[in-house]
Amino acid sequence: FSLFVTDPPREPIVNDSMTVVEGTSLALHCNTMGSPAPTLTWLKDGELAGSITAGVLSVLEILEITPQQTGQYRCLAENEHGRASASLNITVEYGPVLLEESKCTVVREGVQCVCVAVGNPEPTIEFYLPDLNITINETNSRFNFYAHTDGHTSTAMIKLREKGERADNSGPAVNVHCSMYNIYGRESVLLELQQESEFKIFIFALTVLLDFAFSITLSFLFYFLGSILLYTNIK
């Protein structure tokens with residue numbers, strides 16, 4: 001005579017929630033009990049994050065963690081008698097990264113430069129003008145400055161009310177650096193000047209030409225129909 005004791009899985013014991021620096025390697029542990037031995041599954045934000053194992057211990061290794069691996073990690077224990085789970089949160093901190101929306105564009109008042117960066121903690125953004133050897137982080141009599149933070153994304157904009165000309169007269173001369181920093185680093189990038197492309201100018205000119213041609217054609221058509229009606233009435 002044999003007696004088999006069956007139990008649903010107990011609530012797993014997992015690591016405490018943690019904040020780590022980008023590049024850190026981690027080992028997440030999940031311990032539980034149950035009979036028969038449960039299957040253990042690691043999920044990140046609801047998606048499978050590792051292999052499914054059978055037993056009372058599962059270890060999820062994360063090598064050189066990246067910002068994209070920030071999230072909630074849940075260990076799910078299951079057997080034929082039930083299920084139980086426990087979770088922890090991992091937050092990854094990292095230095096500032098410039099986004100591709102960052103650029104300078106020619107506007108009516110001069111030149112407008114926008115710098116967008118992400119980081120954790122959110123980065124602080126300044127503009128550096130090497131030709132004048134000045135750093136701008138607030139509005140003054142010569143420059144309009146604007147800054148905004150949304151989560152881990154920082155946006156800053158500067159409007160230059162005056163612009164020089166290049167020696168070859170090829171367009172406005174702009175030499176603006178975006179400087180962004182937090183406790184994990186500082187980076188400075190020269191912003192590129194974006195101007196209207198020749199293709200856009202061509203499309204605009206073509207649109208104007210077609211509108212003009214259409215209006216001339218329509219006028220001629222009305223004149224022709226009017227002449228036919230007049231001739232018919234005279235007859």
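Side chains are part of it too, since the values below use all heavy atoms of this structure and drop only hydrogens, waters and symmetry mates. Residues take their numbers from the sequence shown, with the count starting at 1.
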S.K.: Given 3.5 Å as the limit, does a donor-acceptor pair link the side chain of Asn140 with the main chain of Phe143, or not?
M.R.: yes
S.K.: Can you tell if the side chain of Gln69 reaches within under 4.5 Å of the side chain of Ile62, non-hydrogen atoms only?
M.R.: yes
S.K.: I'd like to check Val59 versus Leu28 (side-chain heavy atoms, cut-off strictly below 4.5 Å). Are they in contact?
M.R.: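 A side-chain contact is absent here, since even the closest heavy-atom pair is not under 4.5 Å.
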S.K.: Does the pair Ser154 and Met180 meet the rule for a side-chain contact (heavy atoms from CB on, under 4.5 Å), with working shown?
M.R.: CA-CA 9 Å; Ser154 296; Met180 49 200 160; over 6 Å; no
S.K.: Just checking, is any N or O donor in the side chain of Asn133 or Tyr128 under 3.5 Å from an acceptor N or O on the other one?
M.R.: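 There is such a pair between these side chains.
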S.K.: What's the spacing between Met157 CE and Phe145 CZ if we round to 0.5 Å?
M.R.: 9.5 Å
S.K.: Under a 3.5 Å cutoff, is there a donor and acceptor pairing between the side chains of Arg74 and Ser85?
M.R.: yes
S.K.: In a table with atom names and distances, give each donor-acceptor pair under 3.5 Å that connects a side chain of residues 40-56 to protein atoms at least two apart or in another chain.
M.R.:
residue : atom : partner : partner atom : Å
Trp42   : NE1  : Ser58   : OG           : 3.3
Lys44   : NZ   : Thr70   : O            : 3.3
Asp45   : OD1  : Gln72   : N            : 2.9

S.K.: Could you tell me whether the side chain of Ile65 reaches within less than 4.5 Å of the side chain of Ser25, counting heavy atoms only?
M.R.: no
S.K.: How about Cys104 and Cys113 - are their SG atoms less than 2.5 Å from one another?
M.R.: yes
S.K.: For Asn79 and Pro36, indicate whether the former's side chain and the latter's backbone hold a donor-acceptor pair under 3.5 Å.
M.R.: yes
S.K.: Regarding Glu187 and Tyr181, is there a side-chain donor-to-acceptor distance under 3.5 Å anywhere?
M.R.: no
